[in-house]
Amino acid sequence: MRYARQAVLPQIGDAGQARLAAAHVLVVGAGALGIPVLQYLVGAGVGRITLVDPDRAEVSNLHRQPIYGRHIGQPKALAAALEMAALNPDTTVAPLVARLDPANAPDLVAPADVVMDCADSFAATYALSDACLAAKRPLIAASVLRIEGFAGGFCGTAPSVRAVFPDLPAQAGNCATAGVMGPMAGLIGALQAQMALAVLLGLRPSPLGQMIRFDGLRPASFRFDGAPEPATGHRFIATSQLRPSDLAVDLRGPDEAPQPFVPHALRQPDGLRPAEGQRVVLACRSGLRAWTAADRLRQHWPGEIALIALGDPA
């Protein structure tokens, strides 16, 4: 009886319900986007979900993360897994209290049938897109801020995130500084879930290669099936992937981070003189300043550049 109202649909039926039960979905982020994704995928009977999130539930996030009211201070991945177990015991949610980065992304992506980018982080999105493109896994990525957001279907049979967004914006806000309306996050997260179910069920037209945006309550949509993959682009790495020979630069100020992320990191990128064959690694909190600095460096230096998004202090 649990799935009767969706299995009666001709697009699903018993065969479609069996496909959902056999599916494995990777969900990165258990916040405002991840919560509706989890609720609808678990409710639909997706068999296994791996959930990755490093953060803890906070009171200031409850307006858009309403399942955590009784879990304040607890790791969101663990709390969400408990809530989902109560929603549907047919689904196994495996929580991982960790940050998604370019080092662990390939192993997390490999066993998944669909990957959900709910982290709302530049670095996580590009790391997931690069891993999904290499593994030919579908990626449903989304972002929400203020009263607008988008969701898109990338990789798999579609172009990657880099094909649609080859460059980062000149500046970006976050929920703490720019704000976000909770229902808009719920709307975009529910849209992600619908796109994921469409991929798992093989519905047509495919959501892969499609972008859907909401500016307030004004929707817009376009397809990008033919977008070419960029020949070049800045790549993110994890701190664990640093080489001893790298020229490391920490772009955070002393007030933001009294100590550099590695002891030998420089604090000023101006006037860098890398040795021949040396890789320059630029690091900041979100990756945006590192990307901008890499753009400037690329204008006069053709060598290898890598970026690190350090995130907020633990």
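Every value quoted in this text rests on a predicted model; they were computed, and no experiment measured them.
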Problem set entry | Atom pair CZ (Arg2) and CD (Gln17), whose distance is rounded to the nearest 0.5 Å | 10.5 Å

Problem set entry | Arg99 with Asp101: basic N within carboxylate O range, under 4.0 Å | no

Exercise. Got a second to check how far Thr125's OG1 is from Phe165's CZ, nearest 0.5 Å?
Worked result: 9.5 Å

Problem set entry | Any residue meeting ring pair (Phe, Tyr, Trp, His ring centres under 6.0 Å) with Phe222, in chain and number order, not counting sequence neighbours | none

For this session: Determine the sole option in Glu83, Gln65, Lys76 for which the side chain to side chain donor-acceptor pair (under 3.5 Å) test with His71 is passed.
Result: Glu83

For this session: Please check if Val144 and Leu62 belong to a single hydrophobic cluster, counting links between Ile, Leu, Val, Met, Phe, Trp and Tyr side chain heavy atoms closer than 4.5 Å.
Result: yes

For this session: Would you sort out whether Met211 and Phe154 count as a side-chain contact (heavy atoms from CB on, under 4.5 Å), showing the intermediate values?
Result: CA-CA 9 Å; Met211 176 79 72; Phe154 304 91; 3.8 Å; yes

For this session: To the nearest 0.5 angstrom, please state how far the NE2 atom of His24 sits from the OG1 atom of Thr92.
Result: 10.0 Å

Exercise. Do you know which of Ile35, Val42, Leu41, Val37 makes side-chain contact (heavy atoms from CB on, under 4.5 Å) with Gln39?
Worked result: Ile35

Problem set entry | OH (Tyr40) with more than 12 external heavy atoms under 6.0 Å | no

For this session: Looking only at non-hydrogen atoms, find the nearest pair between Cys284 and Ala290 and report the distance.
Result: SG-N, 3.4 Å

Exercise. With a cut-off of 6.0 Å (strictly less than), are more than 12 heavy atoms of other residues, nucleotides or ligands near CE of Met181?
Worked result: no

Exercise. Is the count of non-hydrogen atoms from other residues, nucleotides or ligands lying under 6.0 Å from Ile147 atom CD1 greater than 12?
Worked result: no

Seminar exercise, completed: By salt bridge (Lys or Arg N to Asp or Glu O under 4.0 Å), Arg204 pairs with (sequence neighbours left out) none

Problem set entry | For Gly31 against Asp53, the heavy-atom pair lying closest together | N-OD2, 4.2 Å

For this session: Might you point out which heavy atoms bring Ala127 and Ala105 nearest each other, and give the distance in Å?
Result: O-CB, 4.2 Å

Problem set entry | Cluster check Tyr3, Ile49: I/L/V/M/F/W/Y, side chain < 4.5 angstrom | no

Exercise. What residues form a side chain to side chain donor-acceptor pair (under 3.5 Å) with His63, not counting sequence neighbours?
Worked result: none

Problem set entry | Atom pair CG (Leu133) and SG (Cys155), whose distance is rounded to the nearest 0.5 Å | 5.0 Å

For this session: Any chance you could measure Ile237, atom CD1, to Ile305, atom CD1, to the nearest 0.5 Å?
Result: 12.0 Å

Exercise. Is there a path of hydrophobic side-chain contacts, each under 4.5 Å between heavy atoms of I, L, V, M, F, W or Y residues, that connects Leu82 with Ile72?
Worked result: no

For this session: Could you pull out all residues at least two apart from Gln194 that satisfy side chain to side chain donor-acceptor pair (under 3.5 Å)?
Result: none

Exercise. Among the clusters formed by ILVMFWY side chains lying less than 4.5 Å apart, do Leu78 and Val52 turn up in the same one?
Worked result: no

Exercise. Can you name the nearest heavy-atom pair linking Asp167 to Tyr126, along with the distance?
Worked result: O-OH, 4.1 Å

Problem set entry | Nearest atoms (heavy-atom pairs only) where Ala119 meets Ala124 | CB-CB, 3.9 Å

Exercise. Got a sec, which pairs hit ring-ring contact (aromatic ring centres under 6.0 Å, His included) with one end in residues 225-258, sequence neighbours left out?
Worked result: His234-Trp291

For this session: Look up atom CG in Leu187 and atom CD in Gln192, then write down how far apart they are to the nearest 0.5 Å.
Result: 11.0 Å

Exercise. Which atom names give the shortest non-hydrogen contact between Pro207 and Val199, and what distance separates them?
Worked result: CG-CG2, 3.5 Å

For this session: Just jot down the salt bridge (Lys or Arg N to Asp or Glu O under 4.0 Å) partners of Glu304, sequence neighbours excluded, or say none.
Result: Arg243, Arg279

